[in-house]
Protein chains: 2
Amino acid sequence: MAATSSDKAISLSPAEVVNDHLIEELRRRIVDHAVAPGVPLREQDLATEFGVSRARVRHAFNILEERGLIEHIRNRGAMVARLDPRKAGELFEVREVLEAQMVRLATERGPAESWGDLTELFGKSMDAKLARNDLGAYEDAVHLFRRRCIEAAKNEVLSNLLDSLYDRTHVLIRRLVLVPGRAQEGMRQHREILAAMRDGKAEKAERLKRKNIRSAREWFDNYREYLL
Amino acid sequence: MAATSSDKAISLSPAEVVNDHLIEELRRRIVDHAVAPGVPLREQDLATEFGVSRARVRHAFNILEERGLIEHIRNRGAMVARLDPRKAGELFEVREVLEAQMVRLATERGPAESWGDLTELFGKSMDAKLARNDLGAYEDAVHLFRRRCIEAAKNEVLSNLLDSLYDRTHVLIRRLVLVPGRAQEGMRQHREILAAMRDGKAEKAERLKRKNIRSAREWFDNYREYLL
DNA sequence: CTACTTTAGATTGTTGACAATATTGTATAC
DNA sequence: GTATACAATATTGTCAACAATCTAAAGTAG
């Protein structure tokens with residue numbers, strides 16, 4: 001639960017940024033599947049590549065293991081955590097209530113007028129983009145929605161948990177928009193949610209966000225064999 | 001997110017148990033306030049006390065810092081994490097939805113008849129115990145309720161998050177039952193929740209559990225100056 | 001007496017060497 | 001040809017020494 005930019009505020013020693021760079025870069029590779037699940041992570045290899053000592057790499061492993069991104073077996077080393085269907089389901093169940101809470105708090109704490117540009121972003125022009133399969137635009141919009149909600153919710157504990165859960169399911173979520181029709185439905189749901197948020201209806205927005213994640217989970221279950 | 005008993009299932013090498021013992025013992029001390037928040041944790045002292053090398057202690061610090069139990073400042077060392085009112089509020093906001101989800105899943109997945117003994121535990125006899133301020137009995141009952149729910153919910157991700165959050169607020173929750181009337185109200189709420197669970201009304205139980213945590217938070221806010 | 005500088009001590013950060021363990025490759029028996 | 005036993009290699013686990021940094025005490029100037 002470290003690693004929010006607000007945490008370390010001012011100070012940034014030279015050694016510290018090197019350390020954080022290592023953790024952040026490893027995180028990125030795992031989350032983006034630049035290294036596939038199950039692939040072993042050799043301490044010496046990474047130490048050499050990043051020009052640091054093995055101890056630093058081991059330190060990074062500790063953090064990432066605690067975040068659920070790495071599995072570590074004694075005397076056998078570390079590997080990218082695998083995601084079986086059961087664990088994926090568990091992650092969805094937790095995301096369901098946490099993302100809903102995020103939306104609720106964002107609605108309560110963010111000024112109602114601040115959701116206008118997002119409403120526009122999810123507006124008609126996005127329909128056209130989706131029609132020509134511009135999934136990147138949709139993905140960016142959803143990502144921005146998330147960041148803005150997290151920011152507005154003003155809850156660091158929640159924010160860290162959401163980021164952690166998101167990291168573990170990032171690839172899954174990305175693949176999910178490939179499923180025909182999912183992006184369209186996701187967009188409909190986001191429009192509903194945003195409408196509720198603009199009206200200041202926090203509870204309604206929460207309920208809708210919950211349905212959104214549930215729906216995503218159902219699509220995931222139906223297309224599991226393609227996605228995992 | 002390591003550290004559930006089910007994770008490491010079979011193997012337990014001699015070195016591993018020593019390692020885990022160190023982490024677990026440090027965790028216990030912090031959670032029970034055997035060492036107060038803000039107190040520095042010296043690596044060499046702990047290494048000597050536990051008869052291990054400093055590297056092991058530092059490893060334990062890494063884990064506990066990622067769990068939010070320790071604050072670590074570079075070149076200054078580690079100390080027990082402090083809990084300001086703001087962060088406490090954030091923890092309550094997250095617990096609210098996660099514990100509610102826990103109750104919901106437990107109701108859906110645990111057999112309805114399995115809540116009978118808990119209903120009894122929270123029955124009339126507990127009134128008498130509370131009347132003579134036997135807070136330990138109440139505390140034990142709530143603790144058992146929690147464990148049974150977590151077990152029945154069958155969601156390891158959720159379980160780990162709940163444990164982690166609970167660790168960070170454990171002392172607060174303990175102190176809260178000292179507030180006159182809080183234990184009585186908490187018991188009423190648990191009876192309601194259990195009734196819903198016995199009837200298989202998962203959504204109702206979830207809603208009630210949510211109200212329960214909210215209520216706890218309100219009591220906490222009202223008596224904040226005594227509790228923090 | 002206060003404020004600043006210097007110095008000594010304590011504490012953490014980092015590294016490389018060595019030990020323990022697991023994996024891979026090779027030889028041998030059946 | 002297959003399977004087992006053994007040796008060689010690679011990888012991780014542990015530690016203790018050294019370097020960098022911070023804290024606190026002593027000293028000095030104003």
Side-chain angles (χ1 to χ4, degrees), chain A residues 2-3 7-26 29-30 35-66 69-82, chain B residues 2-3 7-26 29-30 35-66 69-82:
Chain A
D7 271 349
K8 41 199 65 168
I10 314 139
S11 66
L12 56 155
S13 72
E16 195 162 4
V17 296
V18 171
N19 232 343
D20 279 5
H21 169 70
L22 172 61
I23 295 173
E24 179 54 28
E25 175 62 16
L26 282 179
R29 289 185 191 181
I30 295 170
V35 285
V39 167
L41 301 167
R42 308 278 172 210
E43 297 177 357
Q44 189 58 60
D45 291 357
L46 291 166
T48 308
E49 177 187 347
F50 285 91
V52 300
S53 71
R54 267 180 60 217
R56 285 248 184 94
V57 176
R58 288 171 68 83
H59 170 80
F61 283 3
N62 289 339
I63 307 291
L64 295 172
E65 187 190 3
E66 193 64 19
L69 292 177
I70 279 181
E71 289 175 34
H72 195 172
I73 305 174
R74 196 184 167 79
N75 289 323
R76 293 236 241 146
M79 64 174 167
V80 180
R82 284 166 301 202
Chain B
D7 271 349
K8 39 199 67 170
I10 314 141
S11 65
L12 56 156
S13 71
E16 195 163 2
V17 296
V18 171
N19 234 342
D20 280 4
H21 169 70
L22 172 60
I23 295 173
E24 179 54 27
E25 175 62 15
L26 283 178
R29 289 187 192 181
I30 295 171
V35 286
V39 168
L41 300 167
R42 298 289 141 89
E43 296 177 358
Q44 189 57 61
D45 291 357
L46 290 166
T48 308
E49 178 187 346
F50 285 91
V52 300
S53 72
R54 269 179 58 217
R56 286 249 185 94
V57 176
R58 287 172 69 83
H59 171 79
F61 283 3
N62 289 340
I63 307 291
L64 295 172
E65 187 190 4
E66 192 64 20
L69 292 177
I70 279 181
E71 288 176 35
H72 194 173
I73 306 175
R74 197 185 166 78
N75 289 324
R76 293 238 241 145
M79 64 175 166
V80 180
R82 285 168 301 205

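To find a chain, count down the sequence lines: A is the first, B the second, and so on, and within it residues start at 1.
- In plain terms, the two heavy atoms of A:Leu26 and A:Ala60 that are nearest each other are CD1-CB, 4.0 Å.
- Taking atom NE2 of A:His59 as the reference point, atom C1' of C:dT12 lies 13 Å away to the nearest angstrom.
- For C:dG13, the OP1/OP2 oxygens have a side-chain nitrogen or oxygen of B:Arg58 closer than 4.0 Å.
- Contact annotation: side chain of B:Arg54 to base of C:dG13, donor-acceptor pair present below 3.5 Å.
- B:Ile23 has its side chain within reach of B:His59: a pair of non-hydrogen atoms, C-beta onward, lies under 4.5 Å apart.
- Here the closest non-hydrogen pair linking A:Ala81 and A:Pro37 is O-CB, 3.5 Å.
- At C:dT23, one or more side-chain N or O atoms of A:Arg76 fall inside 4.0 Å of OP1 or OP2 (strictly under the cut-off).
- For D:dT14, the OP1/OP2 oxygens have a side-chain nitrogen or oxygen of B:Arg56 closer than 4.0 Å.
- For the segment residues 38-48 of chain B, the set of residues with a heavy atom within less than 4.0 Å of an atom of DNA chain D is empty.
- Nearest heavy-atom pair, B:Ile70 versus B:Ala78, reported as atom, atom and distance to 0.1 Å: CG2-CB, 3.7 Å.
- For B:Leu22 against B:Arg56, the heavy-atom pair with the smallest separation is CD2-O, 3.8 Å.
- The 12-atom threshold is exceeded at CZ of B:Arg29, counting heavy atoms of other residues, nucleotides or ligands nearer than 6.0 Å.
- Summarising the geometry, the separation between NE2 on A:His72 and P on D:dT12 is reported as 8 Å, rounded to the nearest angstrom.
- Between A:Phe61 atom CZ and D:dT11 atom P there is a gap of 13 Å when expressed in whole angstrom units.
- The CE atom of B:Met79 sits 16 Å away from the P atom of D:dC22 (whole-angstrom rounding).
- Between the CG atom of A:Asn75 and the P atom of C:dA20 there is a distance of 12 Å, given to the nearest Å.
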